[in-house]
K.L.:
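This is the structure I have questions about; it appears just below.
Note that ligands are numbered from 1 as they come in the structure, with each ligand's atoms numbered from 1 the same way.
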Amino acid sequence: MSSNNPQTREWQALSNDHHLAPFSDFKQLKVKGPRIITKAHGVYLWDSEGNKILDGMAGLWCVAIGYGRDELADAAAKQMKELPYYNLFFQTAHPPVLELAKVISEIAPAGMNHVFFTGSGSEGNDTMLRMVRHYWAIKGQPNKKTIISRKNGYHGSTVAGASLGGMTYMHEQGDLPIPGITHIAQPYWYGEGGDMSPEEFGIWAANQLEEKILELGVDNVGAFIAEPIQGAGGVIVPPETYWPRIKEILAKYDILFVADEVICGFGRTGEWFGSDFYGLKPHMMTIAKGLTSGYIPMGGLIVHDDVVAVLNEGGDFNHGFTYSGHPVAAAVALENIRILRDEKIVNRVHEETAPYLQKRLRELADHPLVGEVRGVGMLGAIELVQDKATRKRYEGRGVGMICRTFCFENGLIMRAVGDTMIISPPLVISKAEIDELVTKARQCLDLTLAALQG
Ligand SMILES: *Cc1c(COP(=O)(O)O)cnc(C)c1O
C-alpha cells in the first residue's frame with residue numbers, strides 16, 4: 001500500500017529492512033509495503049492512514065468476542081502479576097490451566113473431558129499425530145500409524161501440520177508431506193462435483209475414506225482428521241450426505257477420528273463445536289483461534305475419555321511444550337469463554353445473527369459474478385464465476401485478488417481463496433454491521449465486474 005503519510009512510510013521501511021512476513025512473497029511485499037493496522041474495536045480495524053475497516057475475517061478467524069474487550073487485558077495483567085509463567089512438566093500444575101481444562105470439558109461434547117494444551121493449532125495437530133501413534137502402540141498395534149487427511153484441508157504450518165494439510169503449494173516447499181500421512185478427496189461440490197448432484201458427490205467423497213482404509217489396510221491406519229467445515233480451503237460446507245456417510249465408515253473400522261475444530265470451535269457454527277453441529281463423535285478435537293479470541297496464542301487437543309483410559313496405561317508421553325498451558329494464556333482463555341457463556345454469544349449467533357447473515361449473504365447470489373453463496377453460522381463463501389450455469393471461472397484473471405483489493409480499498413476485509421471470497425466475522429457482529437458488510441460486499445462485486453469488463 002503506497003502512502004504519503006511519513007509514519008506509515010517509516011513502518012513500511014522497517015518491514016522492508018527487518019521483517020519476514022508469514023505466507024508472503026518477501027520481495028513483492030517490499031514493492032508496496034504492508035498495510036499497517038494500528039488499532040481495533042468491536043468488529044472494526046483502523047490502519048495507519050486512519051481508514052476504518054470492517055473486519056469480515058475476525059483477524060484470522062479468531063476474534064470471536066470482537067476487539068477491545070478490557071476484561072481480557074485485565075485478566076492477563078492480573079495473572080502476569082500473580083504467576084506470569086510456570087511450566088507443567090515434572091508433575092506440576094497451576095490454577096488457571098486446571099480451571100480452563102475443566103471449563104473446556106463442560107462445553108465440549110460428551111465424554112471429552114481432558115485437554116492437552118499447546119501454543120497453537122499447528123502444535124495441537126503435532127500433538128495429535130504423536131498421541132495417535134502412542135495410543136496404538138500402547139494397544140499393541142504399532143503399525144496403525146498412517147493418518148488419513150483431505151486434499152485442500154488446513155491443519156497448520158509446522159512440518160506435521162503442513163503435511164496433514166492438503167495444500168499442494170505448501171507441500172511443494174520442503175518435501176512434504178512427511179511419511180505416514182495420506183490425503184483423500186475433499187467434499188467440495190461446487191469446485192469438483194462435475195455432473196454429480198451435491199448429494200451424490202457427498203457420498204462419493206465420503207466413500208474415498210473407505211477406499212483408502214481398504215487400500216492401506218485397516219491395521220495400518222491410525223486416524224482420520226478433518227475440519228467439520230474446511231476454513232482456509234475456502235469455507236467448504238460439505239453436501240448433506242457427506243458427514244452421515246463418513247460416520248458410517250468410521251463406525252465400521254477401528255480407527256480414531258480427529259475433528260480439527262480450530263476454526264469451527266467456540267461458537268463459529270452457532271454451536272459450541274462443529275462436531276456438535278454435525279453430530280460427530282470425535283476421539284480428539286484440535287482447538288486454538290476462538291479459544292482465546294486471538295488475544296494471546298493458545299491451542300490444544302481435547303481428548304475423549306476412552307482414549308485417555310488407554311493413554312493412562314502407557315507410561316510417560318514424551319511430548320510437551322515450554323508454553324503448554326501458559327498461565328497468562330489460560331487466564332485469557334477463561335475470561336474469553338466466560339464472556340461467550342455469560343453474554344450468550346453462541347446462542348445469539350445460533351438464534352439470531354447467523355440466520356440473518358446467511359439470509360443477507362444469499363441475496364448476493366443474484367449478482368452476475370456470483371455462482372454460489374454458501375455458509376453456516378458465522379462462515380460464508382461467495383464463488384465468483386464467468387458462467388453461472390456451467391460454474392466456469394474467469395481463467396487466469398485473478399478475480400478473487402481483484403475483488404479482495406477492492407474490499408480493502410472500500411473498508412471491508414474479505415479473504416480470497418482463488419476465486420472464492422470468504423468471510424468469518426467476529427461472532428458479536430450486529431445485524432446493522434451485517435447489513436454494512438453485505439452492502440460493501442455487493443459494492444466490491446460491482447467494482448470487480450466493472451474491472452473485468454473494462
Ligand atoms: C489456523 C488453523 C490451524 C493452525 O493453527 P495455528 O495456530 O496457525 O498453528 C489448524 N487447523 C485449522 C483448521 C486452522 O484453521
K.L.:
Do D55 and M57 come close enough that some side-chain heavy atom pair is under 4.5 Å?
P.N.:
yes
K.L.:
I'd like to know whether ligand 1 has E261 as a neighbour, heavy-atom separation below 4.0 Å.
P.N.:
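Heavy atoms of E261 never come under 4.0 Å of ligand 1.
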K.L.:
So does E335 pair up with K78, basic N to acidic O under 4.0 Å?
P.N.:
no
K.L.:
Would you please indicate yes or no on a ring centroid separation below 6.0 angstrom for H94 and Y86?
P.N.:
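No - the distance between ring centres of Y86 and H94 does not fall below the 6.0 Å cut-off.
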K.L.:
Could you tell me whether K344 and E351 make a salt bridge, using a distance below 4.0 angstrom between a side-chain N and a carboxylate O?
P.N.:
no
K.L.:
Considering distance alone, does some N or O of D260 sit under 3.5 Å from an N or O of ligand 1?
P.N.:
yes
K.L.:
At less than 4.0 angstrom from any non-hydrogen atom of H155, what atoms of ligand 1 do you find?
P.N.:
10 (C), 11 (N)
K.L.:
N/O of A288 under 3.5 Å from N/O of ligand 1, yes or no?
P.N.:
no
K.L.:
Please work out whether the ring planes of F23 and Y169 are parallel, tilted or perpendicular, with thresholds of 30° and 60°.
P.N.:
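It falls in the perpendicular class, over 60°.
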K.L.:
Quick one: does K289 get an N or O within less than 3.5 Å of an N or O on ligand 1?
P.N.:
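K289 vs ligand 1: N/O contact under 3.5 Å present.
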K.L.:
Check this for me, if you would: do R245 and E248 make a salt bridge, where the nitrogen-to-carboxylate-oxygen distance has to be below 4.0 angstrom?
P.N.:
yes
K.L.:
Heavy-atom contacts with I263 under 4.0 Å: which atoms of ligand 1 show up? List them by number with element.
P.N.:
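Contacts of ligand 1 toward I263, numbered from 1: 15 (O).
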K.L.:
Test of understanding: given a 4.0 Å heavy-atom threshold, classify the contact between E227 and ligand 1 as side chain, backbone, both, or neither.
P.N.:
side chain
K.L.:
Closest non-hydrogen protein atom to atom 12 (C) of ligand 1, residue and atom name please, with distance?
P.N.:
Y154 O, 3.3 Å
K.L.:
Using a strict 4.0 Å cut-off to heavy atoms of S120, name the atoms of ligand 1 that fall inside it.
P.N.:
7 (O), 9 (O)
K.L.:
Within ligand 1, which atoms have a heavy atom of G121 less than 4.0 Å away?
P.N.:
4 (C), 5 (O), 6 (P), 7 (O), 9 (O)
K.L.:
Out of I255, V258, I147, which residue meets the side chain to side chain contact (heavy atoms under 4.5 Å, CB included) rule with F224?
P.N.:
I255
K.L.:
For S122, take its heavy atoms, then give the atoms of ligand 1 lying under 4.0 Å from any of them.
P.N.:
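Going through ligand 1 atom by atom, the ones under 4.0 Å from S122 are 4 (C), 5 (O), 6 (P), 9 (O).
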K.L.:
Side-chain contact test, heavy atoms from C-beta onward, threshold under 4.5 Å: evaluate it for W136 versus D254 and give yes or no.
P.N.:
yes
